[in-house]
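Input: a single structure, listed below in structure tokens.
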Amino acid sequence: MKFGLFYNTGVLGTDPGLLLAAARQAEDCGFESIYLPEHIALYPDATVSGFTIPATTPVADPLQCLSFVAAATSRILLGTGVLLLPYHHPVALAKRLATLDVLSRGRMRLLTVGVGALPGEAAAGGVDFATRGRRADEAIDVLRLLWDGGEDGVSYDGEFYSFTSLCSYPKPLGRLPIHVGGSSRAAARRAGLRGDGYFPGGRLTRDERDAQLDLMRETARAAGRDPGPLECTRWGSIDLTADDVAAHAAQGTNRLVVGPAATDEAGLRDEISAFAARLSL
């Protein structure tokens with residue numbers, strides 16, 4: 001089992017010292033990765049799954065934060081949980097992600113993308129909320145096309161994005177995986193068709209989550225892809241036991257991402273260290 005640390009700036013704030021302390025402690029304790037979330041904009045009464053997000057919640061830009069973390073660490077992999085893909089132009093995003101991968105020496109390995117659940121956030125980015133799934137599909141295709149393209153350039157003509165003979169350098173250091181996050185069957189199908197794995201939402205029932213993972217694999221097979229390498233990442237709690245982890249592994253989980261409960265540096269360090277010791281990371 002692989003373990004990631006979820007650093008939610010919306011809860012923990014944007015103190016750079018606290019972010020670096022958590023990232024370094026996770027790296028020193030054997031965590032595989034660190035994840036950060038994204039909201040490009042919030043507004044009064046923005047609600048997801050019945051929970052209203054305060055408009056003043058300081059959700060920092062995840063790629064900027066990961067660049068900061070990368071400069072102060074040497075091993076820990078970088079992840080997003082999740083990057084709201086329809087609200088980024090894929091040509092510009094391809095350059096940002098490749099640059100981060102190069103500067104981190106190949107550690108931008110756990111890009112997880114979603115489509116967002118706030119209509120007002122889509123409107124703020126000039127995106128028709130109803131199109132965000134189709135936009136995400138095209139954006140994944142564009143990212144991979146640009147990263148794979150050579151000096152003669154690549155062209156694309158889609159519903160939302162179109163260009164001719166574009167070159168995008170630098171390239172990521174090897175293939176940059178794209179995982180799909182979400183709580184819908186559309187997200188599971190997207191993972192099967194285009195993704196390197198699925199990160200299902202934490203509020204799904206076990207039956208629905210299992211059904212979505214089966215759908216991901218069935219979709220991959222129908223598209224001529226091997227579903228075997230597709231990873232399953234799931235949310236976990238910082239107080240997981242070895243028995244809990246074994247149960248997750250028996251269900252086919254490859255990675256657990258846990259968020260600390262403490263919001264101060266000493267508490268964060270203690271929780272991370274205790275987790276690592278309990279599970280022999």
Side-chain angles (χ1 to χ4, degrees), residues 36-42 59 61-64 66-67 78-103 108-199 216 219-220 222-225 230:
L36 279 97
E38 179 177 52
H39 280 293
I40 64 163
L42 293 172
V59 185
D61 181 88
L63 299 186
Q64 298 278 40
L66 291 172
S67 296
L78 311 174
T80 55
V82 296
L83 186 85
L84 301 180
L85 187 56
Y87 310 150
H88 296 270
H89 196 292
V91 174
L93 184 62
K95 178 64 66 72
R96 293 176 65 199
L97 288 165
T99 300
L100 178 51
D101 194 55
V102 169
L103 294 181
M108 186 63 244
R109 298 290 105 182
L110 292 167
L111 171 68
T112 308
V113 300
V115 299
L118 295 175
E121 191 170 24
V127 171
D128 179 352
F129 190 69
T131 69
R132 69 198 194 286
R134 301 199 308 276
R135 285 178 179 270
D137 291 341
E138 281 197 14
I140 292 173
D141 293 345
V142 168
L143 289 172
R144 291 216 166 107
L145 182 67
L146 289 168
W147 290 332
D148 291 342
E151 62 183 14
D152 293 330
V154 292
S155 301
Y156 188 86
D157 186 17
E159 180 181 1
F160 304 102
Y161 308 110
S162 181
F163 50 82
T164 301
S165 301
L166 284 190
C167 299
S168 185
Y169 288 83
K171 303 295 185 186
L173 300 183
R175 187 175 185 275
L176 199 159
I178 301 175
H179 295 244
V180 175
S183 298
S184 69
R185 298 198 173 196
R189 285 190 292 270
R190 183 170 297 113
L193 281 174
R194 291 177 164 84
D196 293 281
Y198 190 37
F199 195 158
M216 173 190 72
T219 302
R225 303 183 70 205
L230 300 181

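His88 is linked by a side chain to side chain donor-acceptor pair (under 3.5 Å) to Glu38, counting only residues two or more places apart in sequence or in another chain. For Ala222, there are no side chain to side chain contact (heavy atoms under 4.5 Å, CB included) partners two or more places apart in sequence or in a different chain. The salt bridge (Lys or Arg N to Asp or Glu O under 4.0 Å) test applied to Asp148 returns no partner, not counting sequence neighbours. Every residue two or more places apart in sequence or in another chain that forms a side chain to side chain donor-acceptor pair (under 3.5 Å) with Thr131 is listed here: Arg135. Residues satisfying the side chain to side chain donor-acceptor pair (under 3.5 Å) criterion with Asp61, sequence neighbours excluded, are Arg96. Applying the side chain to side chain donor-acceptor pair (under 3.5 Å) test to Tyr198 and every residue at least two apart in sequence or in another chain returns Gln212. Applying the side chain to side chain contact (heavy atoms under 4.5 Å, CB included) criterion to Ser67, with sequence neighbours excluded, gives Leu100. With sequence neighbours left out, Ala117 forms a side chain to side chain contact (heavy atoms under 4.5 Å, CB included) with Val48. Residues passing the ring-ring contact (aromatic ring centres under 6.0 Å, His included) test with Tyr161, sequence neighbours excluded: His89.
In this structure, CD on Glu138 lies 9.5 Å from OG on Ser162, to the nearest 0.5 angstrom. Note: Leu63 CG to Leu83 CG = 5.5 Å, rounded to the nearest 0.5 Å. The OG1 atom of Thr80 sits 8.5 Å away from the CG atom of Leu110 when rounded to the nearest 0.5 Å. Note that the CG atom of Leu230 and the CE atom of Met216 stand 5.0 Å from one another [nearest 0.5 Å]. Atom CG of Leu93 is separated from atom CG of Leu85 by 6.5 Å, given to the nearest 0.5 angstrom. Note that the CG atom of Asp101 and the CG atom of Leu173 stand 5.0 Å from one another [nearest 0.5 Å].
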Pair Phe163, Val154 - check side chain to side chain contact (heavy atoms under 4.5 Å, CB included), show working. CA-CA 8 Å; Phe163 50 82; Val154 292; 4.2 Å; yes

Under the side chain to side chain contact (heavy atoms under 4.5 Å, CB included) criterion, do Tyr169 and Lys95 qualify, and how do the steps go? CA-CA 7 Å; Tyr169 288 83; Lys95 178 64 66 72; 5.7 Å; no

Apply side chain to side chain contact (heavy atoms under 4.5 Å, CB included) to residues Leu84 and Val115 and explain how you reach the verdict. CA-CA 5 Å; Leu84 301 180; Val115 299; over 6 Å; no

Can Leu97 and Thr99 be said to form a side chain to side chain contact (heavy atoms under 4.5 Å, CB included), step by step?
CA-CA 5 Å; Leu97 288 165; Thr99 300; over 6 Å; no

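Closest of all the heavy-atom pairs between Ala98 and Pro170 is CB-O, 3.2 Å. In terms of heavy-atom proximity, Gly150 sits nearest to Cys167 at O-SG, 3.6 Å. Taking all atoms of both residues into account, the shortest heavy-atom contact from Pro37 to Pro62 is O-CB, 3.5 Å. Residues Phe129 and Leu118 approach most closely at CE1-C, 3.7 Å, considering heavy atoms. Closest heavy-atom contact between Tyr87 and Ala122: OH-CB, 3.4 Å. The nearest pair of heavy atoms linking Ala187 to Gly181 is CB-O, 4.2 Å.
Sorted pairs that involve residues 114-128 and meet salt bridge (charged side-chain N to carboxylate O under 4.0 Å, His left out), not counting sequence neighbours, are lacking altogether. Among pairs with a residue in residues 152-166, those fulfilling salt bridge (charged side-chain N to carboxylate O under 4.0 Å, His left out) read Arg134-Glu159, at least two apart in sequence or across chains. Sequence neighbours left out, the pairs with a member in residues 161-190 that pass salt bridge (charged side-chain N to carboxylate O under 4.0 Å, His left out) are Asp137-Arg190, Arg175-Asp196, Arg185-Glu208.
Under a 3.5 Å cut-off, the side chain of Arg144 and the backbone N or O of Asp141 do not form any donor-acceptor pair. With Thr164 contributing its side chain and Ser155 its backbone, the two residues share no donor-acceptor pair below 3.5 Å. No donor-acceptor pair under 3.5 Å is formed between the side chain of Trp147 and the backbone N or O of Leu176.
The side-chain heavy atoms of Met108 and Pro172, taken from C-beta on, include no pair separated by under 4.5 Å. Side-chain contact between Ile178 and Val113: present, with at least one pair of heavy atoms (C-beta onward) separated by less than 4.5 Å. No side-chain heavy atom of Val142 sits less than 4.5 Å from a side-chain heavy atom of Ile140.
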